[in-house]
Amino acid sequence: MRVTRSLLPTLRDDPADAEAISHKLMLRAGLVRQLAAGIFVWLPLGQRVMDKVGAILREEMNAIGGQEITMPVIHPAELWRQTGRYDTIPEQFKLKDRHGRDLVLGMTHEEVIAWLAAREIRSYRDLPQTWYQIQTKERDEARPRSGVLRTREFVMKDSYTLDPDEAALDRSYAAHEGAYRRIFDRCGLRYHVVESDTGMMGGLGAHEFMAPSAAGEDDIAMCAQCGYAANVELARSVPAKPDFPAWTREDVATPDAKTIVEVAAFLKIDPRLTIKSLLYVGPTKGPVLALVRGDHTLHERKLMRAVGEECRTAHPDEVRQHLGVSVGSVGPLAARVPLLIDETLREGTYVVGANREGFHVRGVAAGRDFSGTFADLHVALAGEACVKCGGPLAVERVIEIGNIFKLGTKYAEALGAKYLDEAGKERPVVMGSYGIGPARIASAAIEQLADADGIVWPWAIAPFHVHVVSVGRDDASKQAAESIYAACWKAGLEALLDDRDERPGVKFKDADLLGIPVRVTVGNLLAKEGVVELRVRRTREDRKIPPDKVVETVTSLRPSL
RNA sequence: CGGGGUGUGGCGCAGCCUGGUAGCGCACCUGCUUUGGGAGCAGGGGGCCGGAGGUUCAAAUCCUCUCACCCCGACCA
């Protein structure tokens, strides 16, 4: 590709709308342009990156027996009604055709897979199967953000396994985990595999592949000692205990002290000696009072798992209605609603709201002074102890680049995907689903590897391998650049030739911005010393070599790039 | 959905408070000079100031409504 004949619109300044490093650099390097919130055009360079990732995905999916198919983006609403997901997912785009029939835009393809399996899978002899596609998904995200990290339209590699039973599903799942590790390793990413939430839909287990980055939207907790790693939606931790005073139960006046911070300051105690009481309301289960230690944050996903349904925080008037007191003095004593108590509170005596305006009660113990259901409710914090080995947990911000999910038989049962086993008995197909976002791979690579001058692509997903920068003005120099460019392509090295009539500084800045692994500068040293300069983008290491040694040198450097 | 912010040539911004002929830098076009880390000079093209309505002799500027986009939170198969 020649720069003079390409759509390669680099930007000198950071676009005002971009916040994340990868977002800024993808715009500045001319990889993408935004059409609307969360909707992007992939320009030629960005497309090449996506194609590189796609090729790796196909190789590794095929290697575990995956068969590529392509499913529709438009689905009949009826399919989603059958699995009960038509009215429950706010992200689903819905539309009607000219006859008024309800359709949806596909945000995932479990339904279509189960529909297909119901028609084509009859016998245990047809199993197992692994089907995958690399296809566009449409989701009406509440808040698209961070460039291509969270968009309303995006390409996903989604695969689905069909197995006769859970043992076979475990094998398919393990095969996917291996394939995913190879994929992300090849893409040059740093990542962790963590336990993840299976969501309200249930499922038999799930893991997420998480690439550390400040631009991420998730947090994971990890134990370096035993390897425990989980999304904080799920991660359990054992916090350090405060020193409990030998206090006896008594009411204390706490005028104007509403928040934990105010109460702790007023009573001159460690906030860890207080309990935070939060009223939530579930659509069918009604009000529930959740208790966590004063310094802790309630994780709403944990709460919802414990309750068994989606909950929302109660309005102030609901708090008054159910507990007879305003928000700042709520507590578990004599509460007329069910209690969910964080496990941290099993031991110790605490200060709680008195359910009486302006009063708290100290010396209160769970189990003795109030009772309810214990559950893990608090957000794990860095430094707290691992539940498995007691080692200190680290918490890290991450981008979710892939997930693997044991679905079980939910979709198969809803859509009638059954087979006959060896004994002639009809059984539902056991499914798994597995996703990878190529755009997130590209973003994560940029986030993890970029430096102050621009992108630093790993070889495997770089849009080109060699950036030939022609800065000489004499014909011999220009001709040498052309020869090197041609020689690279002939040797299987994908090359970009900067043949613009620009000053060298402009070309060097753009080359750094684009981040192609190897830059070959053809300029005045050719006439003076008979050499061109080869620079490794990542290390900025320079070497002078004869023009006819470029291919050989790049090939020898390649393993280190 | 709640909170905050921004919309003015392709990009980044000023002008708005205090209404009066739309400006700057970069980019773009022409010419000359220059040429190894985002050149200089000269000339030039391009914007109904997000949209609608209102106030006014007069609106980028004031008022009302609306749309879009960004950030934080909520939500996220």
Side-chain angles (χ1 to χ4, degrees), chain A residues 9-20 23-24 27-28 30 33-39 75 80 83-93 104-113 137-147 149-152 154 156 158 160 196-203 206 208 215 217-218 231 233 280 297 299-301 304 310-313 315 400 403 405 407 410-411 433-435 452-454 469-474 477 498 500-513 519 521-528 532-533 535 540 542:
Chain A
T10 56
L11 301 174
R12 199 174 284 225
D13 300 315
D14 280 339
D17 281 350
E19 196 81 4
H23 189 192
K24 289 178 184 172
L27 289 167
R28 286 191 55 206
R33 287 294 181 260
Q34 183 171 325
L35 177 64
I39 301 179
H75 306 176
W80 288 73
T83 56
R85 293 165 110 193
Y86 182 70
D87 291 311
T88 56
I89 302 174
E91 285 75 25
Q92 187 144 47
F93 278 111
V104 304
L105 299 183
M107 53 188 299
T108 181
H109 284 75
E110 283 83 7
E111 275 79 359
V112 180
I113 289 287
K137 299 286 183 282
E138 311 285 345
R139 298 182 186 182
D140 191 5
E141 288 288 348
R143 185 151 98 78
R145 68 186 98 181
S146 303
L149 275 179
R150 185 165 211 86
T151 55
R152 293 193 289 176
F154 60 99
M156 182 188 242
D158 47 323
Y160 304 85
S196 71
D197 191 10
T198 51
M200 301 305 292
M201 295 296 188
E208 289 166 330
E217 297 183 77
D218 286 287
N231 193 309
E233 297 174 353
Y280 278 79
T297 304
H299 201 298
E300 294 194 350
R301 289 290 282 262
M304 290 170 196
E310 299 280 331
C311 299
R312 58 172 175 78
T313 53
H315 303 304
E400 182 189 345
N403 64 58
F405 198 109
L407 289 175
K410 174 187 160 66
Y411 297 94
S433 82
Y434 316 84
D453 292 317
V469 179
S470 176
V471 295
R473 276 160 293 124
D474 55 299
S477 168
D498 192 344
R500 291 176 297 173
D501 181 21
E502 285 285 358
R503 297 166 63 85
V506 173
K507 296 187 175 190
F508 295 148
K509 288 289 185 187
D510 271 350
D512 287 345
L513 177 62
R519 182 178 101 196
T521 305
V522 186
N524 55 22
L525 288 187
L526 184 63
K528 279 191 220 158
V532 299
E533 293 147 283
R535 168 179 279 214
R540 300 165 192 263
D542 271 315

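The structure presented is a predicted model; accordingly, all values stated were derived computationally and were not measured. Below, chains carry the letters A, B, ... as their sequence lines are ordered, and counting in each starts from 1. For the numbers below, each heavy atom of this structure counts, side chains included, while hydrogens, waters and symmetry mates do not.
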Identify whether any heavy atom of [X] sits under 4.0 Å from a base atom; if not, whether one sits that close to sugar-phosphate; answer base, sugar-phosphate or nothing.
| X | value |
| --- | --- |
| A/Glu533 | base |
| A/Thr10 | nothing |
| A/Arg535 | base |
| A/Ala18 | nothing |
| A/Ser433 | nothing |
| A/Gln92 | nothing |
| A/Arg500 | nothing |
| A/Arg143 | base |

Tell me the interatomic distance from [X], atom [atom1], to [N], atom [atom2], rounded to whole angstroms.
| X | N | atom1 | atom2 | answer |
| --- | --- | --- | --- | --- |
| A/Phe508 | B/rA39 | CZ | C1' | 15 Å |
| A/Lys509 | B/rG38 | NZ | P | 6 Å |
| A/Glu217 | B/rG73 | CD | P | 9 Å |
| A/Lys507 | B/rA39 | NZ | P | 13 Å |
| A/Asp510 | B/rC26 | CG | P | 17 Å |
| A/Leu149 | B/rC70 | CG | C1' | 15 Å |
| A/Glu502 | B/rG38 | CD | P | 13 Å |
| A/Arg473 | B/rA39 | CZ | P | 14 Å |

Mind checking the [atom1] distance from [N] to [M]? Whole angstroms is fine.
| N | M | atom1 | value |
| --- | --- | --- | --- |
| B/rA58 | B/rU66 | C1' | 25 Å |
| B/rG38 | B/rA27 | P | 12 Å |
| B/rC62 | B/rU18 | C1' | 11 Å |
| B/rG15 | B/rG7 | C1' | 15 Å |
| B/rU35 | B/rU21 | C1' | 42 Å |
| B/rC49 | B/rG54 | P | 16 Å |
| B/rC11 | B/rC28 | C1' | 12 Å |
| B/rC65 | B/rU30 | P | 49 Å |

Original post:
Taking atom types as they are modelled, is there a donor-acceptor pair under 3.5 Å from the base of B/rG36 to the side chain of A/Arg519?
Top reply: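 There is none.
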Subject >> First encountered from the 5' end of RNA chain B, between A/Asn524 and A/Ala37 >> reply: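 First, find each residue's nearest nucleotide; the 5'-ward one identifies A/Asn524.
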Original post:
Nearest nucleotide by nearest heavy atom, which residue falls closer to the 5' end of RNA chain B, A/Glu233 or A/Ala36?
Top reply: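 This one resolves to A/Ala36.
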**OP:** Using the six-membered ring wherever Trp is involved, compare the ring planes of A/His75 and A/His109 and label them parallel, tilted or perpendicular (cut-offs 30° and 60°).
**Re:**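 Because their plane-to-plane angle is over 60°, the rings of A/His75 and A/His109 count as perpendicular.
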Both distances below 3.5 Å, Watson-Crick or wobble geometry, any strand: find the nucleotide opposite [N].
| N | result |
| --- | --- |
| B/rC75 | none |
| B/rU55 | none |
| B/rU34 | none |
| B/rC11 | B/rG25 |
| B/rU6 | B/rA68 |

**OP:** Might you work through the side-chain contact (heavy atoms from CB on, under 4.5 Å) test for A/Glu91 and A/Met107, ending with a clear yes or no?
**Re:** CA-CA 8 Å; A/Glu91 285 75 25; A/Met107 53 188 299; 3.9 Å; yes
Subject >> Minimum heavy-atom distance A/Asp197-A/Phe405, with the two atoms named >> reply: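 The answer is O-CE1, 4.4 Å.
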Name the pairs: protein N/O against N/O of nucleotides 5-13 of chain B, kept only if under 3.5 Å.
unit_1	atom_1	unit_2	atom_2	d
B/rG12	OP1	A/Ala16	N	3.0

Original post:
For A/Glu300, which residues count as a side chain to side chain donor-acceptor pair (under 3.5 Å) partner, sequence neighbours excluded?
Top reply: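 Once residues adjacent in sequence are excluded, the partners of A/Glu300 under the side chain to side chain donor-acceptor pair (under 3.5 Å) criterion are A/Tyr280.
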[X] side chain to [Y] main-chain N or O, any donor-acceptor pair under 3.5 Å?
| X | Y | answer |
| --- | --- | --- |
| A/Glu141 | A/Arg143 | no |
| A/Arg152 | A/Glu138 | no |
| A/Lys507 | A/Thr521 | no |
| A/Asp498 | A/Arg500 | yes |

Original post:
Quick one: is B/rA27 close enough that its OP1 or OP2 comes under 4.0 Å of any side-chain N or O from A/Arg12?
Top reply: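 Yes, within the criterion.
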Original post:
What's the closest nucleotide to the A/Arg145 side chain, out of B/rC75, B/rU35, B/rC69?
Top reply: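 Looking only at side-chain atoms, A/Arg145 lies closest to B/rC75.
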Original post:
Say you draw a straight line from CD of A/Glu110 to CG of A/Leu407; how long is it, rounded to the nearest 0.5 Å?
Top reply: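 One finds 5.5 Å between CD of A/Glu110 and CG of A/Leu407.
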Original post:
Among A/Asp510, A/Asp13, A/Asp453, A/Asp14, whose salt bridge (charged side-chain N to carboxylate O under 4.0 Å, His left out) with A/Arg28 holds?
Top reply: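 Of A/Asp510, A/Asp13, A/Asp453, A/Asp14, salt bridge (charged side-chain N to carboxylate O under 4.0 Å, His left out) with A/Arg28 is met by A/Asp14 alone.
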